[in-house]
Amino acid sequence: MRDKQNAKVDFLEKYATRPTLIQDVERRLESDGRLGINIGLEEGLILKSLCSQPHVEKVVEIGTQYGCSASWMAMGLKKRGQLYCLEKDPQCLKNAKITFSHPLFQELGSKVELIAGAALETLAQLKSKGPFDLIFIDANKKDYPSYLKWAHEQVRPGGLILIDNIYLFDSVFEDTCPENLPPKMWAAMKETLYLAFAAPNFHTSILPTQEGLLLSVRSP
């Protein structure tokens, strides 16, 4: 399965080009030995396409890292967008600031508010700014159920919730936790899947990207 997914990504690379802004972010990630924690080209194009929809303006990103996914979303949002980006890692915060101050990002025109700290604490600050049109979750995996519960409450009718890495290295297909994964992380991802598909007033599916991208749409 993984070989087929890699072939699909290689195939996409023939047709879709990484924008200069994304290349800059990925160079810094590679230099710091962190390339791979970011979303790939496939997920980036999906986020850009969804954020280009006219009803998407206010976006929350839980787990900003170096600002790669935020950059993709800003390309779709452009000048009408407001991005609230949550991150706690000091190195990621430093690099996210570099990304958001890049001239190419500034040209896109999206407004960005970078919020430092643990997401479970900082999310409370955002309630007064909601409801939100799109919420993207790509952070501490063991806290995914809590992030999703918050998103269910804060996304507007017709709004979108996206969760990356939902396959958790294909481990969610197993009945027991693999030895190479923390049991709490594996159990949290299983719980996330249950919460997503059991939630009333949400239509949920999984886009079969390399790591699995869960998509939930709140009923209008």
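Heavy atoms only: backbone and side chains are in, while hydrogens, waters and symmetry mates are out.
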Nearest-0.5 Å distance, CD1 of residue Ile115 to CD1 of residue Ile62:
10.5 Å
Would you check if Tyr194 and Pro145 make a side-chain contact, meaning some heavy-atom pair closer than 4.5 Å?
no
Residues in side chain to side chain contact (heavy atoms under 4.5 Å, CB included) contact with Glu121, at least two apart in sequence or another chain:
Ala118
Is Leu21 reachable from Leu29 through a run of hydrophobic residues whose side-chain heavy atoms are each under 4.5 Å from the next?
no
Kindly give the heavy-atom pair with the smallest separation between Thr99 and Gly67, and that separation in Å.
CG2-O, 3.9 Å
More than 12 non-hydrogen atoms from neighbouring residues, nucleotides or ligands closer than 6.0 Å to CD on Glu30, yes or no?
no
Are Ile135 and Tyr84 close enough that some pair of their side-chain heavy atoms sits under 4.5 Å apart?
no
Is there a side-chain contact between Leu50 and Val56 (heavy atoms, below 4.5 Å)?
no
Quick check: do Leu126 and Trp150 have side-chain heavy atoms less than 4.5 Å from each other?
yes
Which salt bridge (charged side-chain N to carboxylate O under 4.0 Å, His left out) pairs, counting each pair once, include a residue from residues 140-166, with sequence neighbours left out?
Asp133-Arg156, Asp138-Lys141
Quick one, Tyr147 and Thr192 - any side-chain contact, counting heavy atoms below 4.5 Å?
no
Thr204: side chain to side chain contact (heavy atoms under 4.5 Å, CB included) partners, not counting sequence neighbours
Ala196, Phe197, Phe202, Leu214, Ser216
Taking a hydrophobic cluster as the set of Ile, Leu, Val, Met, Phe, Trp and Tyr residues connected by side-chain heavy atoms closer than 4.5 Å, whether directly or through intermediates, do Ile39 and Val25 fall within one such cluster?
no
With a 4.5 Å cut-off on side-chain heavy-atom distances among I, L, V, M, F, W and Y, is there a chain of contacts connecting Ile37 to Leu41?
no
Grab the two heavy atoms, one from Asn165 and one from Met189, that are nearest each other, plus how far apart they are.
O-CE, 3.4 Å
Within-4.5 Å side-chain heavy-atom neighbours: Cys68 and Ile22
yes
Does any pair with a residue in residues 37-76 pass ring pair (Phe, Tyr, Trp, His ring centres under 6.0 Å), and if so which ones, sequence neighbours excluded?
none
Side chains of Glu61 and Thr64: is there a donor and an acceptor less than 3.5 Å apart?
yes
Please check if the number of heavy atoms outside Lys190 that lie under 6.0 Å from its NZ is greater than 12.
yes
Does any N or O in the side chain of Lys58 come within less than 3.5 Å of the main-chain N or O of Pro131, such that one atom is a donor and the other an acceptor?
yes
Result block: side-chain N/O donor-acceptor pairs under 3.5 angstrom for residues 101-109, not counting sequence neighbours:
from	atom 1	to	atom 2	distance (Å)
Ser101	OG	Lys97	O	2.9
Ser101	OG	Ile98	O	3.0
His102	ND1	Leu104	N	3.0
Gln106	NE2	Phe100	O	2.2

Measure from the side-chain N and O atoms of Gln23 to the backbone N and O of Arg18, and report whether any donor-acceptor pair falls under 3.5 Å.
yes
Residues that Lys78 engages under side chain to side chain contact (heavy atoms under 4.5 Å, CB included), provided they are two or more places apart:
none
Judged by atom type as modelled, is there a donor-acceptor pair below 3.5 Å linking the side chain of Ser52 to the main-chain atoms of Ser49?
yes
Is any side-chain N of the basic residue among Asp32 and Lys94 closer than 4.0 Å to the acidic one's carboxylate O?
no
Hydrophobic clusters here meaning ILVMFWY residues chained together by side-chain heavy-atom distances under 4.5 Å, can you tell me if Leu35 and Leu12 are in one?
no
Quick one: does Trp186's side chain have a donor or acceptor within less than 3.5 Å of a partner on Ser171's backbone?
yes
Are Gln53 and Leu134 side-chain neighbours, meaning at least one heavy-atom pair lies under 4.5 Å?
no
Dump the intermediate steps for side chain to side chain contact (heavy atoms under 4.5 Å, CB included) on Asp89 and Arg34, then the final yes or no.
CA-CA 13 Å; Asp89 181 275; Arg34 292 193 172 198; 3.4 Å; yes
Flag side-chain contact, heavy atom, 4.5 Å: Glu113 against Gln82:
yes
